[in-house]
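See below for the structure under consideration.
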Amino acid sequence: MSTETPLDLKKTVNLPKTAFSQKANLTQAEPARLEKWNQLDLYRLIRRAAEGRPKFIMHDGPPYANADIHLGTAMNKVLKDFIVKSRSMMGFDTPYVPGYDCHGLPIETHVEKALEKKGKKKADLNVETFRRICREHAENALKNQTRDFKRLGILGEWDNPYLTMSNHYEAETARMFARFVERGWVYKGARPVYWCIKDQTALAEAEVEYHQHTSPSVYVKFPLQSDAALIDPALAGRKVFVIIWTTTPWTLPANLGIAVHPDFEYSAFEYGDEVFIVASELVEAVAGKCGLGSDLKVLARFPGAKLDRLEARHPWIDRTSLLMVGEHVTLGGEADAETELDVSEAQKKSDHKAGTGAVHTAPGHGHDDFVIGKRYGLEIYCPVDNAGRFTPEVEHFAGQRVFDANDQIVEFMRERGVLLFSEKYEHRYPHCWRCKNPVIFRATPQWFIAMDQAHRDLVEKDEDGRDRSNFTDNLPETPAVSLRAAALSEIERVKWIPSWGVDRMRNMQKSRPDWCVSRQRVWGVSIPVFYCARCTEPVADPSIINHVADIFERESGDAWYTHPAEELLPPGYTCKGCGAQEWSKETDILDVWFDSGTSSIAVLENRPELRWPADVYIEGGDQFRGWFNSSLLIGIAAHDRAPYKTVITHGWTLDAQGHAMHKSAGNAVEPEKVIKQSGAEIIRLWCASSNYFDDMRASDEILQRVTDGYRKLRNTARFALGNLDGFDPARDTVPYDELEEIDRWALAELDRVTKEVLAAYEAYEFHNVYRALFNWATVALSARYFDIIKDRLYTFAPRHKARRSAQTAVLEIADALSRMIAPILVFTADEIWENLPARAEPSIHLALLPAASEESHDELLTEWERLFAIRDDVLRALEEARVAKQIGSSLQAKVTLQASGSALELLQRHQSDLRYLFIVSQVELESGGDNVVISVSTADGEKCERCWNYSTHVGESERYPTVCERCIAALKEIEEGDTDERG
Ligand SMILES: [Zn+2]
Ligand SMILES: [Zn+2]
Ligand SMILES: [Zn+2]
């Protein structure tokens, strides 16, 4: 078809055309796309498409259903979504069942406060009503969280998440407790646990936080009661004192002993007519502190073992204080308050030289104290009540709160002349995670899971030393292995990312005390144990617990409160000890970490689409003490295995200066606000833009940089889509061997990037995915490839093979870009996908990641790297010429290259490519010189009106007198019917 009149030149240029807009408009586009996914039932479609593929299970650590999400919660969930979506696109079946942690103290506290505002008290309500309000609060909070998580583009079983408060879950939690009993790992006993005197409950290790705290530091002398000559003849007849140091004077009324290290050397030195004993290494330090002078006369030196089982007197109570030896004694000071630290806390522990090498021991108030006290047969004495007040038996201080009593005890000791020195002392001290008050160590009857011992050694004996027989029914003779040993061996089988996780977990399990699983609260799963009303024997029998669990399954855990004991026990159940049939119920509930730790059983094992163990757990570092830990112990109780194969730890979200975010400090980045202003993609891209193994910093400025990055990626995609207008892959694709060489180079680059991205996804290094894609898009694509092929795409006849060659490469690039970015930019990738020609799947999230080729492209890549290095020099020379006003646009330039040897050969080989490579009108090669020498001059000829290149041939055509010879050829093809327009 030839036209009568010449074509309108402007209309013959193939300008990019796409519905993929430059402006993302995410705040509107995202909700619209979510609605589309909803219509498609995308999550279900993905499940169906993945049927039969190998499974990959990322198990969700349940966020606490108490408040709205913050940036940290959003980051955690987005990282999980990266894992699920990338594994799905790697060809796995990756069902994602989100969960919520619904029980526990924070909700109880919240509900209590809400009641107080209405002028009501918890005590006014019955337990069922209080629990119902807690349940409603959790339901409401988790509904809001679900809405926000969905808004972030996270796909999953949102209609059917797992809730730790569901009937089934509560029943499974009770059954897991039965399992621990069955394995002989559960006992009830009095041993010191963290205790919040405000909330009046025991706390788990994961429920305390360490903060700076000022305590009185005191040096106190305990008179030796035993004959001092037993230590050394030189001490015969002298008034000898052992000096202890403590920062908790309030525990002194409970002092029952003093611990020394058997192998340390101790010194007895003279002060006036008295003799003091401290560790030799600390003599000077103690004497300095207590103002005892420097010219001290040491009467005897001896190992601590010499003191074993001698007796001292309590400084003011008429009672013996037993001297004991223990390896836990250090020369560094405090031994008890922070024994339950994990590694990071231990690292934070301030290093100080305090103490005397003789450790005040109150078995009811410290872990090490308890252990050594048990060994020496001391009473686990704890004269402090639930509210932290001294009981009436404590003379002088009865009824006082322990922290208030501290100063009075110091004064009291000063008056009595038993205090050598006191001062204020700053140290890290455990505080309640909930109310932020300092906690105490306090021995109360609690349910424990034993880390080391077999059950039979731990059963509480009654006053006659008799085992409680209801308890020991149905137990194996001896548990095969201790929980601690099993945990330590499982830890070695798990892959920890980052790798320091293994040390952290190992150290934690090595040193942790028995797990206190009882809480004096009501919003949780009741400990399904009964007590005989006549002889008080407890029934902790796996078959009875499972019987109760079945009732929970039908009626929820509320059944514990709505039924009398007799209805919860099998009919006619009688006490094995005394034959009575009347029972009372345990009032404690299980630790919430026991709840959430049960998730691998209650969820992975109970849902047909999932399986046990999980492939991956990913949470913040606090979960070493929390969920990673309780899940491990429960996995071992259930199956002697860890419930996870890989555990990933992510950092915290901090502000730009590295400080924690607080609403009150005004530095909090709120996800809701970011979504409203910029879109969820910006939060998602932020999660991918920095290394989540470290702490992640966020601020308006940082998010602005992320937005800029987003724009660059979007523009890259837009250029590709715009130039694919009219390209029909079935009709127009050019076979690989017939592609232009630079197009093959672009595909080789794509292959290189694909390999990098696949490896990064494989290793969960999303920041490396982002970095690889961003560098590729901005450097290889935008600044090089796309810039160079523009001329070919715009000015060649639409169907020209060279143009089709570029389009063939561009389609492959755009297709791969959308796939590789899809796990991160879930909305944008889907939008790119929609605008690509001829996509089979209705959503990118049903597609797979691109495969990398087996072939090596090294030769091609090296060749072009050399060309691009020359190009960089040429562009610099052009820029200089532009600044010198020698040329305007680069097309006004002619570049002359002088080269020799292999450089000249390289340039000659690509002579016809060079003008396009440099985006100039003419390139001339000259032989000579050692280095490549570049000179820039004005291009010959005139500017072509159509392609803006300069040519000496402009004006040669009568029909198109303003265009160059290339354009004349292109126009001829167009006039002959080469057009993409169809119909
Ligand atoms: Zn508290
Ligand atoms: Zn009984
Ligand atoms: Zn032209």
Side-chain angles (χ1 to χ4, degrees), residues 7 9-10 12-14 104-110 112-113 193-204 206-209 211 386-388 403 429-440 442 462 464 466-471 473 519-521 529-541 565 569 573-584 790-797 800 889 891-892 915-916 919-922 939 941-957 959-974:
L7 296 165
L9 291 181
K10 275 190 201 120
T12 66
V13 177
N14 311 306
L105 183 58
I107 290 177
E108 281 198 44
T109 314
H110 179 95
E112 278 172 33
K113 278 197 187 133
V193 292
Y194 289 116
W195 182 272
C196 176
I197 60 180
K198 170 120 195 313
D199 294 317
Q200 300 200 13
T201 182
L203 295 172
E207 293 168 340
V208 302
E209 311 168 343
H211 300 297
N386 288 354
F403 290 115
Y429 188 86
H431 289 66
C432 173
W433 69 324
R434 208 46 231 161
C435 68
K436 311 296 177 196
N437 285 301
V439 300
I440 62 173
R442 175 171 178 262
D462 63 19
D464 306 325
R466 193 168 49 110
D467 265 13
R468 298 189 177 274
S469 55
N470 285 320
F471 196 127
D473 266 7
R519 295 291 179 277
Q520 292 62 54
R521 289 274 146 184
V529 168
F530 301 88
Y531 297 92
C532 172
R534 198 191 296 165
C535 73
T536 72
E537 283 193 21
V539 178
D541 179 316
L569 280 159
Y573 192 82
T574 46
C575 175
K576 301 260 186 346
C578 73
Q581 290 195 345
E582 278 160 54
W583 303 92
S584 65
K790 255 181 215 164
D791 181 88
R792 202 163 11 128
L793 289 166
Y794 292 2
T795 69
F796 281 37
H800 192 285
S889 84
L891 287 174
Q892 267 179 282
R915 58 176 290 201
Y916 301 115
I919 317 179
V920 296
S921 290
Q922 291 129 21
E942 283 173 43
K943 183 181 177 180
C944 167
E945 189 192 345
R946 184 168 173 271
C947 72
W948 301 356
N949 279 266
Y950 282 68
S951 167
T952 51
H953 300 286
V954 174
E956 284 178 0
S957 160
R959 190 167 164 81
Y960 296 107
T962 57
V963 304
C964 71
E965 71 284 8
R966 286 189 322 142
C967 289
I968 288 165
L971 290 166
K972 187 158 173 277
E973 285 170 53
I974 296 168

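Each ligand, and each atom within it, is numbered from 1 in the order the structure gives.
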Exercise for the section: Would you give the angle at the Zn ion (ligand 1) between C196 atom SG and C435 atom SG, to the nearest 10°? Expected result: 100°
Problem - E112/R521 ion pair, N-O < 4.0 Å - result: yes
Exercise for the section: Have a look at the Zn ion (ligand 2) and estimate, to 10 degrees, the angle subtended by SG (C535) and SG (C575). Expected result: 110°
Exercise for the section: Could you grab the angle centred on the Zn ion (ligand 3), going from SG in C964 to SG in C944, to 10°? Expected result: 110°
Handout entry: With the Zn ion (ligand 2) as the apex, the SG/SG angle for C578 and C532 - to 10°
Key = 100°
Problem - Residues K576 and D541 bridged, charged N to O under 4.0 Å - result: no
Exercise for the section: Report the angle formed at the Zn ion (ligand 3) by atom SG of C967 and atom SG of C947, rounding to the nearest 10°. Expected result: 110°
Exercise for the section: Could you check which N/O/S atom of D199 is closest to the Zn ion (ligand 1)? Expected result: OD2
Practice task
Would you confirm whether Q922, through its side chain, and R915, through its main-chain N or O, come within 3.5 Å as a donor-acceptor pair?
Solution key: no
Handout entry: Salt-bridge criterion met for R519 and E207 (N-O under 4.0 Å)
Key = yes
Handout entry: Aromatic plane relationship, Y916 with F796 - under 30° parallel, 30 to 60° tilted, over 60° perpendicular
Key = perpendicular
